[in-house]
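Read the structure below first, then the notes.
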Amino acid sequence: MTAYEPVIGLEVHVQLATASKLFCGCPTTFGAAPNSQTCPVCLGLPGTLPVLNQRAFELGIRTAVALECRVAEVMKFDRKQYFYPDLPKGYQISQYDRPLAHDGHLDVAGGEAVKRIRIRRAHLEEDAGKLLHDPNEPFSYVDFNRAGIPLLEIVTEPDLRLPEDAYAYLVELKAILRALGVSNCNMEEGSLRCDANVSLRPSGAAELGAKVEIKNLNSFKAVKDALAFEMDRQRRVLERGEAVAQETRLWNARAQTTEPMRSKEEASDYRYFPEPDLVPFHIEAAAVERARRELPELPARHRQRLVEAYGLSAYDAGVLAQFRPLGALFEQTVAHYPKPKPVVNWIMGDLLGYLNGRSQDPETLVFQPAWLVHLLEAIERGEISGKTAKALFVEALERQRDPQELMQGRDVRQIVDAGELERLVDVVVSEHQKSVADYQKGKANALMFLVGKCMERSQGKANPQQLKSILQRKLAEPREAVS
Ligand code: ADP
Ligand code: MG
Ligand code: ZN
C-alpha cells in the first residue's frame, strides 16, 4: 500500500487591537447591540470614501517584523468581489498582489526538533458582517458591527506536516501576538480565526496533492482534530483509487467530521482589482526599523532567559513565556523573594490548578506579586503551614486580597509548640488504635494516615514534619506508654 505524507498550510485571521475600524471611525467594541456600530463608510453607501486606520497599519508592521517578514516598500489594497448577505459593499477591501509583508518565518518547537514554518504573506483586510440564524424564523438577521473591523491575515507556506505541528504553530503565534499587544486573540469573540488547508501526497513525491480547505474551526483543538479527521478521510479516498476533490469543507464539531461546503474557488473568481479609493502606500524603511527596535521580548527569547537566569525547566519556562501574566508574576515575585524553585512551583501547581479548575484564561489573571511574596515569607518564617498557605492562596485569588491581610485577626498561625503537638498526637493515637497497630505491624502508610488525622484536627495548622517525628517516636515506644 502507498504511504502518504500529509501537507498542511494555515491561514490565520487576527483582529488588530484598534479602537476604530479599518477604514472608518466606527468603534470596534465587542458585544454592542446589532448594527449600532456602523456608518455610511462600513455600510458601503455610495459616495463614501475609506481612510486607512494608521494604528492598524502600525500593528500590522509590528507583527510582520516579529515574524521576520520582509515589509513591502509599497503596499496596496484591492477589492475582492463576491456576493454574500454579510458583505454590504459587495466586495471586501483586502490586499492581493502587494501585501503589507511577505516571506517571514516562525520557529515552532515540535516534539524534539524545532521546525521553521515559512510565512508566505501577511496582509490587511476588513472583516465582513455576521449572519444570525433563528431556527424559528423563515429569514436570517444580519449584524454589520463586524463589517470593516481590521484583520491581519497571516498565511503560511505548506510547511506543516502533522496536526500537532499545526497546533504548536497556533499556540506559538498566539503567544507572539499577545506579547506584541496587537490582538487579544480571543477565539470566542472571533478575534483569532484559522482556516486549515491539507492534502496528501505519496511519500517522497515533490508535487503537492489536491488540497481541502477546512473552515469553521473554533479552537486550536478543533484545528488539530479536523486535520486528523481530514487526513484520514483523504487517505481512504486515495486508497479506493479515487481522487481527492479540491474543495472547501466545514468542520462539524459535534459529529467530529468535515462536510463539503463548496467546490474550490480560484483567485480569478473574485475579479480582484485595485481599490480605486485608496492610493498605494509607501512604507518608510525608517518606520520598519523603528518597529523592529521597539519589539518587546518575544516568547522564544523569554523562554530561553527563564531557563538561563532562573534555572527553570524547559517545560516551566514554556508555560510562563506562553502566558505573560504568569511570566510577569514569576519574575516580579522572584525579584523580592529570590528563590525561583518554590515560586515556580506555586505558579505551575496551585495557580495553574486553580485557573484550570475554573477554565479561566491565565491572561485574565489579577494577582499581585506582593501577595505571593507575603505568603512565601510567612511559610518560611514558620508562621503558617503549607496547608494553610494553600487555603489562603485560593482565598487571595477569589477575593483579590493580600494573604497577609487575610491572616490578620485570624488564628491561622502554624502550631509548632512541641507540647501542643504532643497532646494532639495523643488524642489522635487513642482514637485510631487500629492504625497504630497496623503501623507497628509494618504498614508504613498508617503513619501518614495518622499525620493526616492530626492535620485535620488542627484545621491544617500543625506542622506536619514535626507531627511525623513525634508519631514515629511515640509509636516506637512500648505500647503501654501510649495512652
Ligand atoms: P488559495 O488560493 O486557496 O488561497 P493558496 O495557494 O493561496 O491557496 O494557499 C492557501 C494556504 O494553503 C496556504 O497556507 C498554503 O500554504 C496552503 N496550501 C497550498 N497548497 C496546499 C496543498 N497542496 N496542501 C496543503 N496546503 C496547501
Ligand atoms: Mg486563501
Ligand atoms: Zn463605519
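Values below: every heavy atom of this structure, side chains too, minus hydrogens, waters and symmetry copies. Each ligand, and each atom within it, is numbered from 1 in the order the structure gives.
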Item checked: Sphere of radius 2.8 Å around the Zn ion (ligand 3) - protein N, O or S atoms inside -> Cys24 SG, Cys26 SG, Cys39 SG, Cys42 SG
Item checked: Residues that Phe393 engages under ring pair (Phe, Tyr, Trp, His ring centres under 6.0 Å), provided they are two or more places apart -> Trp346, Phe367
Next item on the list: Any chance you could lay out the salt bridge (charged side-chain N to carboxylate O under 4.0 Å, His left out) test for Asp350 and Lys390, step after step, and finish with the verdict?
Entry: CA-CA 7 Å; Asp350 294 84; Lys390 283 179 190 293; 3.3 Å; yes
Next item on the list: Give the atoms of ligand 1, by number and element, whose distance to some non-hydrogen atom of Thr156 is under 4.0 Å.
Entry: 13 (C), 14 (O), 15 (C), 16 (O)
Notebook entry, point to check: If you count the atoms of ligand 1 from 1 in the order shown, which ones are under 4.0 Å from a heavy atom of Val155?
Noted result: 13 (C), 14 (O)
Notebook entry, point to check: Quick check: does Asn197 get an N/O under 3.5 Å from an N/O on ligand 1?
Noted result: yes
Margin query: Parallel, tilted or perpendicular: which one describes the rings of Tyr272 and Tyr96, with boundaries at 30° and 60°?
Written below: parallel
Margin query: Between ligand 1 and Pro158, is the shortest N or O to N or O distance under 3.5 Å?
Written below: yes
Notebook entry, point to check: Rounded to the nearest 0.5 Å, what separation is found between the NE2 atom of His13 and the CD1 atom of Ile149?
Noted result: 13.5 Å
Item checked: Partner residues of Phe23 under the ring pair (Phe, Tyr, Trp, His ring centres under 6.0 Å) criterion, sequence neighbours left out -> Phe77
Margin query: One thing to verify: whether Arg292 and Glu289 come together as a salt bridge, which I'm taking to mean a side-chain N less than 4.0 angstrom from a carboxylate O.
Written below: yes
Checklist line | Part of Leu10 with heavy atoms under 4.0 Å of ligand 1, whether side chain, backbone, both or neither | finding: backbone
Margin query: Distance under 4.0 Å to a non-hydrogen atom of Glu157: what atoms of ligand 1 satisfy this?
Written below: 16 (O)
Item checked: ligand 1 atoms in contact with Ser199 (distance to a heavy atom under 4.0 Å) -> 22 (C), 23 (N), 24 (N), 25 (C)
Pairs under 3.5 angstrom only: tabulate donor-acceptor contacts from the side chains of residues 55-68 to other protein residues two or more places apart or in another chain.
{"residue": "Glu58", "atom": "OE2", "partner": "Gln54", "partner atom": "NE2", "Å": "2.9"}
{"residue": "Arg62", "atom": "NH1", "partner": "Leu180", "partner atom": "O", "Å": "2.7"}
{"residue": "Thr63", "atom": "OG1", "partner": "Leu59", "partner atom": "O", "Å": "2.8"}

Note to self: Using a 4.0 Å cut-off to any heavy atom of Arg120, which atoms of ligand 1 qualify?
What the structure shows: 5 (P), 6 (O), 7 (O), 9 (O), 15 (C), 16 (O)
Notebook entry, point to check: Could a heavy atom of Arg201 be found less than 4.0 Å from some atom of ligand 1?
Noted result: no
Note to self: Strictly distance-based, threshold 3.5 Å: is any side-chain N or O of Arg249 a donor or acceptor partner for the main-chain N or O of Thr258?
What the structure shows: yes
Item checked: Check: Gly209 N/O within less than 3.5 Å of ligand 1 N/O -> yes
Notebook entry, point to check: Do you see a donor-acceptor pair shorter than 3.5 Å between the side chains of Tyr4 and Gln234?
Noted result: no
Next item on the list: Report the part of Val7 in contact with ligand 1, treating N, CA, C, O as backbone and CB onward as side chain, heavy atoms under 4.0 Å; options are side chain, backbone, both, neither.
Entry: both
Check: Salt bridge or not for Lys76 and Asp97, using N-O below 4.0 Å?
Finding: yes
Next item on the list: For the pair Arg178 and Asp361, find out whether any cationic side-chain nitrogen is under 4.0 Å from an anionic carboxylate oxygen.
Entry: yes
Checklist line | His374 versus Gln368, side-chain donor and acceptor atoms under 3.5 Å | finding: no
Next item on the list: Using a strict 4.0 Å cut-off to heavy atoms of Gly9, name the atoms of ligand 1 that fall inside it.
Entry: 14 (O), 16 (O), 17 (C), 26 (N)
Next item on the list: Between Gln246, Arg118, Lys211, flag the one that comes closest to atom 8 (O) of ligand 1 by a heavy atom.
Entry: Lys211
